[in-house]
Structure formats: structure tokens, C-alpha cells
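Taking it in order: structure first as C-alpha cells, then the write-up.
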Amino acid sequence: MPSILVVEDESGQRKVLQRILEREGYDVTLAENGLNALEKIEGTMFDLVISDMRMPGMTGRDLLREIKETDPDLPVLIVTAFAELKDAVDLVAREGAFYYLQKPINNDVLKAQIKRALEERGVFSDGEPKDVNQPVQMVHFERIIGQSERMNQLFKTMSRIIHRGVNQVLITGETGTGKDLVARAIHEKGKRKDQPFVAVNCSSVPHELIESELFGHEKGSFTGADRQKKGLFEVASGGVIFLDEIGDISMSAQSKFLRVLQDREIMRVGGIEPIKVDVCVIAATNQDLQAAVEAGAFREDLYFRLNVIQLQMPPLRERKSDIQILVDFFLQKFSEEYPDAMPKRMTPRSMSALRRYEWPGNVRQLENCLLRTFVLREGDVIDIEDLPLEISDSSLPPSNVLVEIQEEGVSLEEIVMEYIRTALRQSRGNQTKAAELLGISRRQLQNRMQNYGLNSQDFKNKHTA
């Protein structure tokens with residue numbers, strides 16, 4: 001039976017959480033403040049800690065830091081009021097909190113996050129370890145934000161790469177998904193963190209210079225080579241070299257790159273003696289290298305050599321559940337970078353528009369969109385009208401649908417009911433998510449559901465129509 005420590009200074013809230021968790025089959029221990037919690041942690045092995053943010057004496061932030069000093073892998077869920085939301089996001093993004101729960105706590109979200117935290121801790125629902133011989137060791141990645149299943153799988157793979165000292169990785173994914181952040185995180189958390197990190201954008205280096213840049217050249221090897229020059233592989237030796245857009249290098253450079261991967265040595269342009277290099281090679285591309293191989297634009301042997309350990313970056317449209325935490329993170333970041341600007345929050349309508357948009361430019365596009373809106377908006381609220389037109393329009397139904405409805409003589413009430421049914425189908429009966437999609441409050445949704453005789457249970461576990 002998994003063991004959970006609940007830290008809450010209000011006795012009523014402690015008992016409510018205790019009842020909820022014990023009904024789910026968890027072994028629950030209660031602590032009335034941070035100091036009391038630390039005493040209990042010293043004498044008991046817990047699988048999870050749920051802590052209130054604001055408590056007298058030791059705050060939730062202080063408690064988190066103390067826990068991470070003694071047990072960095074112990075997941076901590078932070079419970080926060082809206083006023084403390086930015087601090088809670090900061091704890092997740094920078095200080096290793098597993099997740100934050102906003103008051104009033106949604107029981108479905110609470111249960112789902114507890115289950116996910118225990119799975120990452122390596123614990124079954126009965127409290128037994130998943131694999132006693134190979135426990136999953138999680139690493140916290142400060143600048144890579146995400147709580148979705150796709151991102152958690154990515155984090156697990158990154159953790160294994162780091163802990164096992166893998167020296168060759170291929171990162172694939174669309175532009176703007178954060179491939180460079182992953183490469184830097186592998187370096188910063190790995191065994192080579194005190195050694196150089198050299199990043200090269202292969203697409204920005206002219207083809208005739210790429211070999212000289214990567215492998216160096218000897219004096220007089222070509223016109224203008226008036227001195228010997230070390231290549232970036234030599235500069236990075238002992239550390240990590242990150243080759244972004246590897247699919248853009250010439251066939252000649254590909255041949256030399258293959259030799260580096262096979263023999264861990266390079267040959268300078270015009271040189272006659274191979275030079276040994278000890279380097280972790282991280283390559284990245286937004287191209288389909290398999291298709292490039294079939295088109296004769298990329299060496300097949302190099303592709304197979306690269307594609308041993310691959311990290312696939314999910315596009316933002318496939319992890320829209322991460323949009324809320326990304327928005328919270330970026331708005332807090334901008335508040336720190338632009339202290340003269342008023343801090344801002346999103347309205348339900350604007351958040352709904354962000355979730356509906358497909359984000360072809362991925363996280364980078366989301367960040368740029370929010371930055372532009374943050375700087376230009378005078379007040380403290382970002383509403384749907386403040387967003388770029390292509391995003392705000394994404395929240396509206398297609399005009400042809402409305403024309404068809406009007407021609408068929410369907411009433412407005414029937415249209416509203418169908419939108420509510422669609423939102424409930426998409427959220428699989430989760431009223432909070434459905435209300436966010438519709439841009440209304442949960443109470444308003446419940447009232448309309450009652451009027452139309454809709455039951456959220458009818459939409460649970462049903463796929464989106």
C-alpha cells in the first residue's frame with residue numbers, strides 16, 4: 001500500500017484529504033506543519049508528499065527544499081491558492097516539485113496526479129516496486145516544461161541516457177519543440193557537465209566550410225588557411241557537441257562524421273594524422289532522415305549509426321494538456337524580465353483559444369505569442385481579443401456550420417446543447433476541462449447540464465467524436 005504524507009495546517013482540509021486518499025486505498029499520515037512533516041519523514045519511508053503552499057513557520061517552498069536535500073526523488077505535490085499560483089509554477093519549473101494543485105482541489109486531478117507520481121516513483125498501487133533490480137531514476141529538467149504522458153516518457157528516457165552515460169543521441173522533432181533544450185539538459189545533468197558544450201547549427205554553416213568548422217584544418221590546406229585551426233570536435237573533446245539540423249550537412253562531411261562515430265577520431269582538412277576525440281555527440285533534426293536516405297540525400301550507414309538511441313520531441317498539438325503550465329511558466333518569466341509591466345493572467349476564454357489552436361510553431365510560437373501579448377497589453381488580464389487573430393479565430397466554429405444550422409432551422413438552445421455535449425465528449429466527462437473548453441465557469445456548465453438533462457458520467461471513457 002503506497003504511503004502518502006499530507007502536510008496541511010487546517011485540520012478540516014487535512015481530514016478531507018485523508019478521507020479521499022484512504023478511500024483510494026492509500027496509507028495516509030498527517031502533519032500539521034512543515035517541521036512536523038520533516039520529523040515524520042526522518043522516521044518513515046513515504047512514497048509521496050502532498051503539502052499546502054502557505055503554512056505558518058515553514059512554508060511549502062521551504063519544506064520542498066528540505067525534502068529535496070535528503071531525498072531528491074521523493075515526489076512532492078504542492079497545493080496552492082490562485083494568489084500563489086505563480087510561486088507554485090516556479091516550484092515545478094525550477095525547484096523540483098512534481099505538480100501543483102489549485103484550490104479548490106479537483107478530486108479527479110488529485111487522483112490522476114497521485115497515480116502518475118507513484119508510477120514515476122516506481123510503485124504499483126499495492127505499494128510494491130515495479131522492478132527492484134532496475135528502479136527508474138528520475139531527473140528534474142528545469143527549462144523543459146511539461147506534465148503530459150508524452151513528456152513524462154521523454155523525461156524517463158532522458159534520465160536513463162544521463163544515468164547510463166550514453167555518448168550518442170539523436171533528437172528528432174518539429175521546429176520549436178525544444179530539441180536544443182534537451183541537448184543542453186543532457187549535458188548539464190550528465191557526467192560531462194563540467195566540460196565544454198559546443199552547439200553547431202549545421203544549416204547556417206556554408207557547405208564548403210562545414211568540414212573545416214567541425215574537424216579543423218592545417219595551415220595551407222586551402223586558400224585563406226593561413227594558420228592551423230582546431231575543429232569544433234577538438235574544442236568539445238571531453239564534453240558534448242550538439243549538431244543541430246544534422247540532415248543539412250554535405251555528403252562529404254557525412255562520410256567524415258561517420259568516421260567520428262565509428263572510431264572516435266577526426267582528421268583535419270589537409271591533415272595526415274588522425275586525432276582522437278572523447279566527445280558525446282548529440283545530433284538533432286526536424287527532417288525525416290529515413291526519407292532523405294531513400295532520396296539519396298543522406299547516407300544510410302550514417303543514419304543507422306545515428307538512430308541507435310532516439311528522443312522524439314512531441315509537437316505541442318499532441319500535448320495540449322501542457323499548455324496551462326507552459327502559459328503559467330512564461331507569464332511568470334515575463335513578469336521577472338519586465339518588472340515595469342503589470343503581471344498578467346489569462347481569462348478562461350483566452351485559455352480555451354490557446355488550447356484549440358494547433359501551434360505549427362510549437363512551444364517557441366506559444367512563447368513568442370505570449371511575450372508579444374504580455375508587452376503590448378496594458379491591463380492585468382489577457383482576454384481572447386488580445387491574442388493574434390489566427391489564434392482567437394481558432395476558438396470560433398466554422399462559418400459553414402452555422403450557415404447549415406440556420407438553414408435547417410435548428411434552435412439556439414439546440415446549438416448550445418450540442419456544443420456542451422461536444423466539450424464533454426472531448427474532456428471525457430471532466431466538467432472542469434469541459435468548462436475551460438467552452439470558456440465558462442464550472443458552475444455555469446453544471447447549471448446548463450442540469451437544464452439539458454446531461455450527465456457527465458455518460459461521457460466518461462468515451463473517445464472524442
Side-chain angles (χ1 to χ4, degrees), residues 167-184 186-187 196-237 239-313 361-362 364:
N167 286 325
Q168 187 177 307
V169 181
L170 175 65
I171 308 173
T172 60
E174 298 175 7
T175 298
T177 51
K179 298 186 291 293
D180 57 328
L181 295 180
V182 170
R184 292 182 184 277
I186 291 174
H187 170 249
F197 178 87
V198 177
V200 187
N201 188 329
C202 298
S203 64
S204 66
V205 181
H207 285 310
E208 62 271 17
L209 297 179
I210 189 68
E211 292 182 44
S212 173
E213 286 295 311
L214 293 179
F215 311 117
H217 62 252
E218 298 291 348
K219 181 179 179 180
S221 58
F222 55 85
T223 302
D226 54 357
R227 59 183 175 84
Q228 183 191 75
K229 177 187 175 182
K230 284 186 176 182
L232 295 177
F233 271 93
E234 284 185 81
V235 174
S237 191
V240 174
I241 186 167
F242 173 49
L243 302 174
D244 198 7
E245 304 308 339
I246 189 67
D248 290 338
I249 65 174
S250 65
M251 295 296 284
S252 174
Q254 289 178 34
S255 299
K256 290 195 173 184
F257 182 41
L258 179 63
R259 180 176 181 179
V260 176
L261 298 181
Q262 290 174 335
D263 304 327
R264 296 290 159 174
E265 61 183 27
I266 56 111
M267 183 83 76
R268 291 179 184 149
V269 176
I272 57 174
E273 293 292 333
I275 301 170
K276 287 288 184 182
V277 289
D278 171 25
V279 63
C280 170
V281 178
I282 303 178
T285 182
N286 62 6
Q287 300 181 27
D288 182 344
L289 290 186
Q290 179 65 59
V293 169
E294 294 172 359
F298 201 83
R299 290 181 61 117
E300 185 177 40
D301 49 1
L302 177 56
Y303 172 68
F304 288 127
R305 174 67 69 167
L306 280 172
N307 197 31
V308 176
I309 297 183
Q310 182 181 147
L311 288 172
Q312 174 68 46
M313 299 297 297
N362 294 294
R364 185 181 301 158

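For Lys179 (side chain) and Ala283 (main-chain N/O), no donor-acceptor pair under 3.5 Å exists by modelled atom type. Between the side chain of Gln254 and the backbone N or O of Arg299, at least one donor-acceptor pair lies under 3.5 Å. Asn286 places no side-chain N or O within 3.5 Å of a backbone atom of Glu245 that could act as its donor or acceptor partner. A donor-acceptor pair under 3.5 Å links the side-chain atoms of Asn201 to the main chain of Ser203, judged by distance alone. With hydrogens and angles ignored, the 3.5 Å screen pairs a side-chain donor or acceptor of Ser237 with a backbone N or O of Asp278. Using modelled atom types, no side-chain atom of Arg259 and backbone atom of Ile266 make a donor-acceptor pair closer than 3.5 Å.
Rounding to the nearest 0.5 Å gives a distance of 6.5 Å between CZ of Arg305 and CG of Leu258. Atom CG of Leu302 sits about 9.0 Å away from atom CD of Gln262, to the nearest 0.5 Å. Once rounded to the nearest 0.5 Å, the distance linking CD1 of Ile186 with CD1 of Ile282 reads 4.5 Å. Note that the CD atom of Gln287 and the OG1 atom of Thr172 stand 12.0 Å from one another [nearest 0.5 Å]. With values rounded to the nearest 0.5 angstrom, Lys256 atom NZ is found 11.5 Å from Ile210 atom CD1. Here the straight-line distance linking atom CD of Glu211 with atom CE of Met267 works out to 12.0 Å at 0.5 Å rounding.
The shortest non-hydrogen separation linking Val198 to Ala236 is CG2-CB, 3.7 Å. Nearest heavy-atom pair, Arg264 versus Asn167, reported as atom, atom and distance to 0.1 Å: NH2-O, 3.7 Å. The shortest heavy-atom contact between Pro196 and Val235 is CG-O, 3.7 Å. When all heavy atoms of Leu261 and Gln168 are compared, the closest pair comes out as CD2-OE1, 3.6 Å. In plain terms, the two heavy atoms of Ser212 and His217 that are nearest each other are OG-ND1, 2.7 Å. The minimum heavy-atom distance between Phe298 and Gly247, with the atom names listed, is CE1-CA, 4.0 Å.
The shortest distance between side-chain heavy atoms of Asn307 and Leu289 does not fall below 4.5 Å. With contacts defined as side-chain heavy-atom distances shorter than 4.5 Å, the pair Leu243/Leu214 qualifies. The shortest side-chain heavy-atom distance between Arg268 and Lys230 falls under the 4.5 Å cut-off. The shortest side-chain heavy-atom distance between Leu306 and Phe257 falls under the 4.5 Å cut-off. Residues Phe215 and Ile275 form no side-chain contact, since every pair of their non-hydrogen atoms from C-beta on lies 4.5 Å or further apart.
The aromatic rings of Phe197 and His187 lie tilted to each other, with the angle between the two planes from 30° to 60°.
No hydrogens or angles considered: nothing links the side chains of Ser250 and His207 as a donor-acceptor pair under 3.5 Å.
Salt-bridge annotation for Glu213 and Lys229: present, with a side-chain N of the basic residue lying under 4.0 Å from a carboxylate O of the acidic one.
Within a 6.0 Å radius of NZ in Lys276, more than 12 heavy atoms belonging to other residues, nucleotides or ligands are found.
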